[in-house]
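Take a look at the structure below.
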Amino acid sequence: MLKEYRTIKEVVGPLMLVEGVDGVKYNELVEIEQADGEIRQGKVLEVNRDKALVQLFEASQGLKISSSKARFLGRSIELSVSTDMLGRVFDGMGRPADDGPEIIAEKRVDVNGTPINPSARDYPDEFIQTGVSAIDGLNTLVRGQKLPVFSASGLPHANLAAQIARQAKVLNADSKFAVVFAAIGITYEEADFFVSDFKRTGAIERTVLFMNLASDPAIERISTPKMALSAAEYLAFDKGMHVLVIMTDITNYAEALREVSAARKEVPGRRGYPGYLYTDLATIYERAGKIRGKEGSITQIPILTMPEDDKTHPIPDLTGYITEGQIILSRELYKKGFNPPIDVLPSLSRLKDKGIGKGKTREDHADTMNQLFAAYARGKEAKELSAILGEAALSDVDKKYAQFAEEFERLYISQGFDNNRTIEETLDIGWQLLAILPRSELKRIKDEYIDKYSKPQKGV
């Protein structure tokens with residue numbers, strides 16, 4: 001028998017205080033029933049002796065505490081999961097948002113999940129092809145990895161997210177591939193873009209979408225990534241699928257955390273964010289990975305916009321500590337009209353060496369990747385020198401490097417959002433660009449690979 005209490009004492013913003021409670025647990029789900037039968041939901045945030053602090057999932061406007069009663073359900077937030085979720089759109093609380101029927105649950109799972117035992121983790125070492133050269137060729141994504149995208153206000157991270165969700169696949173694998181897409185605190189326009197893009201390209205058939213709008217309550221924003229990861233864990237570890245989880249925008253999630261923390265009158269940390277922001281983000285990011293003995297895996301691409309383009313802001317800063325690298329979008333490249341505007345030099349995939357090479361991508365991948373990085377860095381330096389001292393100050397070799405940098409941005413980085421390149425095409429474009437340089441400059445590539453793969457210049 002569920003216990004009901006008519007001892008609601010106070011409501012402040014999204015928080016409600018219930019007194020005289022007994023046996024209530026942290027994270028327990030609560031129903032608040034009003035005199036007219038309307039039911040609102042919340043969860044227990046804090047328990048102190050006989051007092052429970054409840055966080056409401058909906059706005060508290062119009063809630064009459066004198067005539068309302070709180071019912072504690074004895075369980076935390078759960079998500080009904082089934083393979084029928086593929087191709088469906090849900091809101092941030094896991095309710096259907098596409099006018100389709102309710103999911104007939106194969107099982108119900110706690111959205112808070114359980115951490116993967118570190119000793120049971122398997123090392124990520126399989127290549128995932130995103131179809132984006134700047135990622136596949138230079139900052140390779142590996143199955144089971146956490147690789148965030150650091151963007152900035154106004155940059156086309158939504159287009160890149162949709163492109164990766166549409167194109168990503170595991171090569172040489174028989175297992176099914178699925179995408180779980182969590183949109184956190186986005187506008188109606190962005191939500192419509194994602195849903196219509198997935199439907200237009202047919203990608204929705206293998207995708208589960210969780211859409212939380214900016215107009216939805218802050219608490220729903222906090223539950224959205226947990227809902228998405230619970231669905232991903234079911235598909236990966238119960239159904240043996242390779243699951244790519246894309247979450248945009250993590251900054252909106254952190255802002256919701258800060259809002260709730262302020263309502264609880266907690267002592268703020270850096271820039272007003274709660275002191276437990278690192279721990280909270282880690283509980284999300286660390287749900288990615290592979291487990292020994294299980295076929296499926298979860299790979300994460302969280303996307304976050306850096307406030308004021310600041311990489312030292314707490315959200316990107318803490319994310320960088322937890323994840324295995326970052327893909328950084330460049331405002332400078334975007335202004336030049338290059339899409340996707342990925343700045344490959346400060347970007348990094350710490351696991352890229354584990355997912356490339358013979359049998360995974362191609363034997364020449366590691367050598368060409370290193371040579372392209374080095375040549376592009378030197379080419380950018382040559383262009384800066386030319387801007388200061390004039391082109392006459394450059395040596396003939398420096399002029400070749402400056403030309404390489406320009407063509408690298410035009411051909412390799414700027415491929416558009418609808419161009420799906422195989423890893424072979426990406427590597428071949430790399431060789432085509434390296435043909436600009438004298439062979440004597442290709443010091444990072446084995447001679448046997450130069451003889452076998454070097455390409456004549458084509459339209460360069």
Side-chain angles (χ1 to χ4, degrees), residues 25-27 75-83 85-86 94 105-129 140-148 168-182 206 208 210 223-247 250 276 278-302 318-326 348-357 359-360:
K25 299 184 184 70
Y26 172 70
N27 258 346
R75 57 180 172 82
S76 57
I77 307 172
E78 294 178 335
L79 176 68
S80 299
V81 291
S82 159
T83 49
M85 298 178 83
L86 292 165
E106 189 171 301
K107 64 189 276 195
R108 292 183 65 82
V109 295
D110 185 338
V111 299
N112 296 300
T114 52
I116 299 175
N117 187 330
S119 65
R121 281 184 179 273
D122 206 357
Y123 201 87
D125 64 352
E126 292 165 81
F127 170 69
I128 289 183
Q129 180 176 289
T140 312
L141 178 66
V142 179
R143 186 163 74 89
Q145 185 179 4
K146 310 174 284 290
L147 187 62
K169 63 179 181 179
V170 177
L171 299 183
N172 311 319
D174 299 327
S175 304
K176 288 185 178 177
F177 191 87
V179 176
V180 176
F181 194 97
R206 62 167 191 174
V208 184
F210 290 86
S223 74
T224 304
K226 295 172 183 175
M227 291 280 173
L229 286 162
S230 298
E233 285 166 350
Y234 165 76
L235 294 173
F237 304 131
D238 286 23
K239 296 300 175 184
M241 300 175 98
H242 300 319
V243 184
L244 176 64
V245 180
I246 300 175
M247 298 180 285
I250 293 295
Y276 50 79
Y278 178 91
T279 309
D280 201 282
L281 289 173
T283 60
I284 291 175
Y285 298 146
E286 291 298 343
R287 289 172 76 171
K290 293 165 61 183
I291 298 177
R292 273 198 212 96
K294 298 209 174 188
E295 191 179 350
S297 64
I298 296 176
T299 308
Q300 270 188 32
I301 300 185
L318 297 177
T319 294
Y321 281 117
I322 304 164
T323 55
E324 293 109 15
Q326 69 278 329
L348 169 70
S349 169
R350 293 191 180 97
L351 298 179
K352 64 188 174 191
D353 294 333
K354 308 299 176 189
I356 63 175
K360 293 177 181 177

Return the [atom1] to [atom2] distance between [X] and [Y], rounded to the nearest 0.5 Å.
X: Arg206; Y: Leu235; atom1: CZ; atom2: CG; result: 12.5 Å
X: Ile301; Y: Met247; atom1: CD1; atom2: CE; result: 10.0 Å
X: Ser297; Y: Ile128; atom1: OG; atom2: CD1; result: 6.0 Å
X: Tyr276; Y: Leu281; atom1: OH; atom2: CG; result: 11.5 Å
X: Ile291; Y: Ile116; atom1: CD1; atom2: CD1; result: 4.5 Å
X: Asp110; Y: Arg75; atom1: CG; atom2: CZ; result: 10.0 Å

(message) Distance alone, cut at 3.5 Å: any donor-acceptor contact between the side chains of Thr323 and Arg350?
(response) no
(message) Check Glu106 with Lys239, please: is the shortest side-chain N to carboxylate O separation under 4.0 Å?
(response) yes
Of the non-hydrogen atoms in [X] and [Y], which two are nearest, and what is the gap between them?
X: Arg121; Y: Gly289; value: NH1-CA, 3.7 Å
X: Ser230; Y: Val109; value: CB-CG2, 3.9 Å
X: Tyr123; Y: Lys290; value: O-NZ, 3.4 Å
X: Ala232; Y: Val245; value: CB-CG2, 3.5 Å
X: Phe177; Y: Ala168; value: CE2-O, 3.4 Å
X: Gly144; Y: Thr299; value: N-OG1, 2.8 Å

(message) Can you confirm whether Val111 sits close enough to Ser223 that some side-chain heavy atom of one is under 4.5 Å from a side-chain heavy atom of the other?
(response) no
Given [X], which of [options] fulfils the side-chain contact (heavy atoms from CB on, under 4.5 Å) condition?
X: Ser349; options: Gln145, Gln326, Lys354, Glu324; value: Gln145
X: Tyr234; options: Thr83, Val243, Val208; value: Thr83
X: Leu147; options: Leu141, Thr140, Val142, Leu348; value: Leu141

(request) Take Leu229 and Gln300 through the test side-chain contact (heavy atoms from CB on, under 4.5 Å) and record every step on the way to the result. (result) CA-CA 9 Å; Leu229 286 162; Gln300 270 188 32; 3.4 Å; yes
(request) Please answer whether the main-chain N or O of Ala236 pairs with a side-chain N or O of Lys294 as donor and acceptor at a distance below 3.5 Å. (result) no
(request) Return the set of residues passing side-chain hydrogen bond (donor to acceptor under 3.5 Å, both in side chains) with Arg108 (not counting sequence neighbours), or none when no residue passes. (result) Glu78, Ser80
(request) Report the C-alpha distance between Ile77 and Lys226 in whole Å, list the side-chain angles of each, state the deciding distance to 0.1 Å, and finish with yes or no for side-chain contact (heavy atoms from CB on, under 4.5 Å). (result) CA-CA 10 Å; Ile77 307 172; Lys226 295 172 183 175; over 6 Å; no
(request) Applying side-chain hydrogen bond (donor to acceptor under 3.5 Å, both in side chains) between His242 and each of Lys176, Arg143, Glu126, Lys169, report the one that passes. (result) Arg143
(message) Quick one, Ser119 with Arg292, criterion side-chain hydrogen bond (donor to acceptor under 3.5 Å, both in side chains). Give me CA distance, side-chain angles, the key distance, then yes/no.
(response) CA-CA 9 Å; Ser119 65; Arg292 273 198 212 96; 5.9 Å; no
